[in-house]
Amino acid sequence: MTDRPIAVVTGASSGIGAATARALAGAGFHVVLGARRVDRLEEIAKEIDGTALRLDVTDKESAAAFVEAVPECRLLVNNAGGAKGLEPVAEADEDDWRWMFEANVIGTLRLTQGLLPKLRASGDGHIITVTSIAALAPYDNGAGYTGAKHAQAMLHRTLRGELLGQPIRLTEICPGMVETEFSLVRFEGDQEKADDVYRGLTPLTAEDVADVIAFAATRPSHVNLDQITLMPRAQASASRAYREG
Ligand code: NAP
């Protein structure tokens, strides 16, 4: 496939994942891009001389076939996922919760388990997981997403201890508000509701987060950046932001 070190980015068809694929290619990696929208992956792969592979992290067979097709792996970026719905627990939709746990938690489990032998064999592996500030504290109407992100974070943080002594670093990235397709997915395509999330402030861009991921990935092998939280200047927590106007 390549003589460059291989980085796998899940959810690379849009937002943070697409920007991360570009940033890692710029840092010298051959990037394997995974997601369901293969047409988008192929466009980015062509631009950065990477490899596009179909991946549905909620489907066991799809995840297994993807892992099988990756020849070697130095870096895994667990990024695929997102939120669905924003309701109080009393009105929460069970299917939304199921999707959030399947995509964010079980998806991360599948890819991590599948690629661990290759990360270990690389002699200098690195797992970067994009959780969220939703993995740090609860917020009203967000229990399905905060619950899934806390569980994903626990999977990732537990590995830090379990893999001690092995040549694998672990970095958790906890972004606040980033303007991507995230809110459009959360509100089932309702553009007005999605735009309202970022109203009156300057949110992070996908490139801002990708920069930080590429920074973590390019530190010397003995340096482990454990957890990085980044938010827009105008945001203090998941439930507190300053908006103009
Ligand atoms: P996005 O633009 O909606 O990107 C989500 C990515 O995940 C897409 O590439 C999507 O690709 C992929 N994905 C979704 N379901 C998948 C599945 N079943 N199998 C494979 N890929 C799947 O949103 P984003 O903001 O970049 O989100 C990336 C990560 O950052 C998510 O884990 C999200 O929870 C986290 N995050 C986002 C924010 C924010 O404010 N935007 C803040 C903190 C954390 P396909 O649809 O093509 O499969």
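All ligand and atom numbering here is 1-based and tracks the order in the structure.
Salt-bridge check for Arg98 with Asp95: passed, with a basic side-chain N closer than 4.0 Å to an acidic carboxylate O. The pair Glu87-Arg186 fails the salt-bridge criterion, with no side-chain N (NZ, NE, NH1 or NH2) lying under 4.0 Å from an Asp/Glu carboxylate O. A salt bridge is absent between Glu42 and Arg54; no separation between the charged side-chain nitrogens and carboxylate oxygens falls under 4.0 Å. The pair Glu207-Arg22 fails the salt-bridge criterion, with no side-chain N (NZ, NE, NH1 or NH2) lying under 4.0 Å from an Asp/Glu carboxylate O.
For Thr58, the closest heavy-atom approach to ligand 1 falls below 4.0 Å. Ligand 1 has no atom lying under 4.0 Å from any heavy atom of Pro203. Distances from ligand 1 to the non-hydrogen atoms of Ala206 include no value under 4.0 Å.
With rounding to the nearest 0.5 angstrom, the CG atom of Leu159 is 5.0 Å from the CG atom of Leu163. With rounding to the nearest 0.5 Å, the separation of OG1 in Thr218 from CD1 in Ile213 is 11.5 Å.
Ligand 1 has no nitrogen or oxygen under 3.5 angstrom from a nitrogen or oxygen of Ser132. Close N/O approach between Val57 and ligand 1 is found [any backbone or side-chain N/O within under 3.5 Å]. For Trp99, no nitrogen or oxygen atom sits less than 3.5 Å from a nitrogen or oxygen atom of ligand 1, counting backbone and side chain alike. Considering both main-chain and side-chain atoms, Tyr198 never comes within under 3.5 Å of ligand 1 through any nitrogen or oxygen pair. An N or O contact shorter than 3.5 Å links Gly11 to ligand 1 by distance. The shortest N or O to N or O distance between Met177 and ligand 1 is not under 3.5 Å. An N or O contact shorter than 3.5 Å is missing between Pro175 and ligand 1 by distance.
Of all protein heavy atoms, the one lying nearest to atom 23 (O) of ligand 1 is Thr180 OG1, 3.3 Å. From the protein, the heavy atom lying nearest to atom 20 (C) of ligand 1 is Leu55 O, 3.2 Å. Nearest non-hydrogen protein atom to atom 22 (C) of ligand 1 is Ala80 CB, 3.8 Å. Nearest protein heavy-atom contact of atom 40 (O) of ligand 1 is Val178 N, 2.9 Å. The protein heavy atom nearest to atom 44 (C) of ligand 1 is Thr131 O, 3.1 Å. Nearest protein heavy-atom neighbour of atom 26 (O) of ligand 1: Ile16 N, 2.8 Å. The closest protein non-hydrogen atom to atom 36 (N) of ligand 1 is Tyr145 OH, 3.7 Å. Ranking protein heavy atoms by distance to atom 46 (O) of ligand 1, first place goes to Arg36 NH2, 2.9 Å.
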Go through Asp140 and Ser239 one step at a time and tell me if the side chain to side chain donor-acceptor pair (under 3.5 Å) criterion holds. CA-CA 8 Å; Asp140 292 356; Ser239 49; over 6 Å; no
Run Thr10 and Asn78 through side chain to side chain donor-acceptor pair (under 3.5 Å) and show every step you take. CA-CA 6 Å; Thr10 70; Asn78 284 313; 4.8 Å; no
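One hydrophobic cluster holds both Leu204 and Ile16 under the rule that ILVMFWY side chains link at heavy-atom gaps under 4.5 Å.
Only the side chain of Lys149 comes within contact range of ligand 1, with a heavy atom under 4.0 Å; no backbone atom does. If you look at Ala103 next to ligand 1, there are no close heavy atoms at all, none under 4.0 Å.
Below 4.0 Å from some heavy atom of Gly15 lie the following atoms of ligand 1, by number and element: 2 (O), 26 (O). Below 4.0 Å from some heavy atom of Gly81 lie the following atoms of ligand 1, by number and element: 5 (C), 7 (O), 31 (C), 32 (O). Atom numbering of ligand 1 starts at 1 in the shown order; those under 4.0 Å from a heavy atom of Asp56 are 17 (C), 18 (N), 19 (N).
A cation-pi contact, defined as under 6.0 Å to the ring centre and within 45° of the axis, links Arg219 to Phe215.
No more than 12 heavy atoms of other residues, nucleotides or ligands lie within 6.0 Å of CD in Glu188, so this atom counts as exposed by the packing criterion. Atom CD of Glu72 has 12 or fewer heavy atoms from other residues, nucleotides or ligands within 6.0 Å.
The heavy atom nearest to atom 1 (P) of ligand 1, considering only Gly82, Gly34, Ser14, is found in Ser14.
A ring-ring contact (aromatic ring centres under 6.0 Å, His included) with Phe182 is found for one member of Tyr145, Tyr198, Phe187 and no other, namely Tyr145.
Put simply, the side chain of Tyr139 does not reach to within 4.5 Å of the side chain of Ile133, judged on heavy atoms.
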